[in-house]
Amino acid sequence: MPTFNLKINDKTHTVEADADTPLLWVLRDKINLVGTKFGCGIGQCGACTVHVDGNAMRSCLLQVSQAEGMEITTIEGLSEHGTHPVQEAWKAIDVPQCGYCQAGQIMTASAFLNENPNPSNEDIRNAMNGNICRCASYNSIEEAVKLASKKIS
Amino acid sequence: MKNSFNRRSFLKTSALASGGMLIGFNLFNACKSDVKLPVDLSQLNYKDFNAYIKISPEGKVTIYSVNPEIGQGVKTSMPMIIAEELDVDWDDVYVVQAPLDIENYSGQVAGGSQSIRRSWQPLRETGATAKQMLINAAAAQWDVDVNTCSAKMGIISNANGETLGYGDVVEAAALLDVPEEVSLKDPKDFTIIGQGKGNVDIDKITTGKPLFGLDYKEEGMVYASVLRPPAFGQVLESFDASEAKDLLGVIDVITIGKKARALLKAGKPNWSVKLSTTDKVVVIGKTTWDVIKGKKAIKAKWKTDSALESSEEHNEKLLSLVNGKKFRTRRKDGNVNKAFANADKVLERVYESTFLPHNTMEPMNFFANVTPEKVHLVGPTQTPEAAANAVASLLGRPIEEVHVDLTRMGGGFGRRLYNDYVMEVAEISEAIKKPVKMLSTREDDMTTGVYRPASTYKISAAIKDGKLTGYHLKEACVNSNMYGLIPNFFPAGAIENYQVDSARLKSNITVGAWRAPYTNFLASAEQSFFDELAEELQVDRVQLHMDLLENVKRNPNPKIDYSPERLQGVLKMVVEKSDWGNVADGVYQGLSVYYCHNTHVAEVADVTMENGVPVVKKVTCAIDCGIVVNPLGAMNQAKGGVLDGIGHAMYADFSFKDGVPSANNFNSYQLIRMGQTPKVDVHFIESNIAPTGLGEPTLPPVGAAVANAIYKATGKRLTKLPYIKNMNSKTEIVG
């Protein structure tokens with residue numbers, strides 16, 4: 001089985017895996033970073049969103065062989081103590097219901113705010129449209145992204 | 001408020017070996033009169049409690065959360081109730097999920113929006129009793145009259161100005177008798193209840209710590225994926241696993257199904273599982289990806305075992321059932337036939353809904369480790385006791401050997417009331433003699449689900465001299481029918497001649513509870529009907545309801561399951577808060593008012609038309625659920641229910657053709673997304689009445705609120721789900 005060197009949350013991990021293994025399952029099953037969630041496996045729900053070189057990407061569609069040499073950040077590495085402005089906003093608004101999709105929502109929101117720290121409400125709705133929340137906590141997600149943008153800008 | 005009752009019958013305390021005190025109670029037995037007396041207090045251990053408080057000598061408080069957490073917020077709100085009466089600083093409270101404790105207790109269920117309603121009084125009494133025992137211990141230590149002592153925020157004080165912390169007296173308190181009488185707080189003195197408290201798991205959720213069933217791991221654990229028939233009506237004929245077995249990460253390929261079949265033959269199906277007659281192919285592997293790949297490499301042949309059904313024929317049969325004569329009458333007031341025979345006019349409408357998959361974000365999964373000594377199960381289930389019982393009968397093990405640990409759940413919506421996946425993993429672990437995690441893919445979940453049954457309602461109203469004189473509701477439903485109390489919901493009691501009938505269509509498609517079972521569509525049908533009825537009667541929509549509810553108040557009916565006053569209350573509130581009738585040009589409003597799951601709700605949807613497509617801009621929601629325990633959590637439940645209801649009413653297009661579902665992932669099935677969501681403006685009636693649940697009640701009414709608004713905008717009455725498709729609007733999936 002081939003070996004891959006992955007840079008995840010500023011640490012290098014050497015993993016053995018089939019080249020076609022999605023990064024999602026390498027993170028969850030091999031490196032024990034289970035914050036990144038499985039929802040659909042086809043890039044439609046956003047539960048598995050991570051940052052790859054700073055961009056929000058679906059880890060269920062990124063094969064481990066393509067991820068070598070890239071800077072990967074997962075929810076566990078977004079901030080050292082869980083105090084990234086987006087995480088803080090999520091707590092302040094008390095966004096989660098079941099909580100399962102929220103890591104993916106936070107990763108999408110944080111990459112988006114990095115690109116666009118002063119978004120309009122419409123920008124937020126467009127940016128977050130790819131992440132499904134089955135509990136439909138959308139009003140709160142929208143508010144939390146807005147609140148985080150105020151903290152960031 | 002003094003509260004006297006036989007507390008000894010269910011409250012128990014215990015000194016902890018490590019110091020400190022446990023106090024607990026048998027939550028659901030507490031509601032019964034024939035409870036057993038407590039066992040010897042010195043013999044009590046952890047198992048003697050199914051909800052309890054642990055106080056350490058340092059004064060720290062651990063509160064165990066009994067009920068499964070599916071996102072409805074009970075892991076925060078139920079401990080809040082205990083902490084309130086115990087009178088401690090919420091910041092000093094640590095909440096822990098309790099495991100299933102079948103030996104002593106029952107009722108560890110997440111379903112029907114009942115957790116808060118049923119536990120409100122027992123949780124308060126537990127907190128208050130612990131507080132009183134701590135005060136008694138302090139009074140004894142000071143040698144003063146207990147009536148001169150009081151406690152607040154974890155500190156006990158006496159008339160001399162002396163103070164002791166709860167931790168200082170906890171060991172002495174644990175040895176005291178349980179008081180016969182305790183005081184409960186006056187709701188106006190609440191300092192935790194009524195204050196918005198954040199989700200107790202928020203730090204773990206926002207930093208990605210393991211919490212969910214899918215995150216659970218054990219040393220030596222392997223993974224499993226189950227290949228099930230692609231269509232209802234098919235069973236496994238044969239399979240070739242050679243390619244799968246050649247894959248490096250695949251450990252083995254086995255079949256399961258014999259045990260479930262034996263159980264089925266023995267006539268022991270448990271209500272909480274759907275037992276299938278088919279064999280299933282199971283791929284065992286080193287990682288999740290190995291088993292997903294392995295499953296794709298299996299070449300299976302399926303044979304037809306029973307009819308391959310299609311929704312088109314279901315819909316025709318449901319329609320002929322509501323138009324036919326074969327019914328079970330669920331409620332009959334007055335004489336509907338006579339009312340219709342004497343009517344000047346009859347309004348009759350048929351409403352149709354589809355099957356719906358649950359689509360919990362976290363797919364079905366469970367961990368099992370079956371050993372000769374015990375069966376250890378870990379994962380997400382709304383009915384852990386039923387899961388344990390099902391596995392015990394499946395494996396022929398005594399129930400005492402089955403242990404279930406609960407994880408936080410990535411949604412439930414009713415799907416995890418059914419434990420088919422728990423039985424599968426138990427059978428797998430027994431066969432391979434290893435700890436194993438079984439997980440389903442999205443395609444598995446949508447293809448082999450326990451769906452909201454397709455249903456059809458026919459509603460008829462008799463009108464004489466401009467008045468509503470009779471109301472006849474007929475239901476036809478696939479494999480299922482509305483449950484006991486629903487015929488007693490509004491408008492029962494408001495109309496002299498009132499009848500509810502139901503008929504069932506048998507099918508091999510498995511169906512079950514889906515968030516707000518039956519009412520999730522019945523409310524759409526009835527509240528759309530009332531909109532049309534008001535128009536027919538030429539009365540104001542709000543006035544029609546106020547008048548009908550006045551009828552109920554004038555002629556009290558013991559057989560109704562709602563409060564006319566409280567329904568009128570939410571109706572008035574929603575009219576005021578939504579600016580009903582005073583909106584801008586181009587905005588169309590629809591109203592809906594409904595009672596279910598013991599909570600009264602009224603909603604107004606504001607809709608605009610954009611390029612011929614309705615867009616819901618805002619929903620105003622007025623709720624009477626009694627005391628709001630946790631306003632933050634309550635707001636989340638209310639808004640989530642409304643948006644979930646809109647999403648499924650507008651977009652959820654799901655049907656069967658030849659036993660195969662029309663969609664199996666989110667590229668072919670629209671779940672509501674942020675771009676499709678309106679702002680939800682929620683208002684609660686201020687109340688001192690004991691609280692009721694919120695996990696479901698805001699969902700049922702919203703479909704009709706939207707449909708009634710769309711009618712105003714377009715002149716078209718919507719009677720069939722999903723609305724967007726049936727308006728002949730564009731139906732492409734937005735992602």
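Side-chain atoms are counted along with the backbone in the values below, which use heavy atoms only and exclude waters and symmetry mates.
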Find the one option among [options] whose heavy-atom pairs under 4.5 Å with chain A are most numerous.
options	result
B:Leu643, B:Asp215, B:Asp290	B:Asp215
B:Gly640, B:Gly647, B:Gly641	B:Gly640
B:Leu248, B:Leu214, B:Leu671	B:Leu214
B:Arg515, B:Met635, B:Gln676, B:His358	B:His358
B:Lys217, B:Lys209, B:Lys286	B:Lys217
B:Thr287, B:Val680, B:Thr677, B:Ile672	B:Thr677

Does one side chain, of [X] or [Y], offer a donor that lies under 3.5 Å from an acceptor on the other?
X	Y	answer
A:Asn131	A:Thr108	yes
B:Thr76	B:Asn630	no
B:Tyr669	B:Asn359	no
B:Asp444	B:Thr441	yes
A:Asn55	A:His51	no

Validation row: [X], [Y] side chains within 4.5 angstrom (heavy atoms):
X	Y	value
B:Met446	B:Phe654	yes
B:Asn365	B:Tyr421	no
A:Leu23	A:Leu6	yes
A:Ile124	A:Lys146	yes
A:Lys151	A:Ser153	no

Region of [X] in contact with chain B, defined by heavy-atom distances below 4.5 Å:
X	value
A:Glu143	side chain
A:Lys91	both
A:Val95	backbone
A:Leu33	neither
A:Asn126	neither

Is chain A contacted by the side chain of [X], its backbone, both, or neither, given a heavy-atom distance below 4.5 Å?
X	result
B:Phe212	side chain
B:Lys75	neither
B:Lys204	neither
B:Ile70	backbone
B:Met409	backbone
B:Gln72	neither
B:Ile292	side chain
B:Leu439	side chain

If you count heavy-atom pairs under 4.5 Å between each of [options] and chain B, which one has the most?
options	value
A:Ala136, A:Gly46, A:Gly43	A:Ala136
A:Glu76, A:Gln102, A:Gln105, A:His81	A:Glu76
A:Ile42, A:Thr36, A:Ile106	A:Ile42
A:Pro22, A:Ser79, A:Cys101, A:Ser137	A:Pro22
A:Cys135, A:Gly82, A:Ala103, A:Ser140	A:Cys135

Query raised in the report: Counting only heavy atoms not in B:Glu610, do more than 12 sit closer than 6.0 Å to its CD atom?
Result: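 More than 12 heavy atoms, drawn from other residues, nucleotides or ligands, come within 6.0 Å of this atom.
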Query - Aromatic plane relationship, B:Phe367 with B:Tyr216 - under 30° parallel, 30 to 60° tilted, over 60° perpendicular - result: perpendicular
Report task. With side-chain hydrogen bond (donor to acceptor under 3.5 Å, both in side chains) as the test, would you mind laying out the steps for B:Arg442 and B:Asn664 before giving the verdict? Result -> CA-CA 7 Å; B:Arg442 179 62 50 198; B:Asn664 68 6; over 6 Å; no
Query raised in the report: Is it true that B:Arg416 and B:Glu362 have a side-chain N and a carboxylate O under 4.0 angstrom from each other?
Result: yes
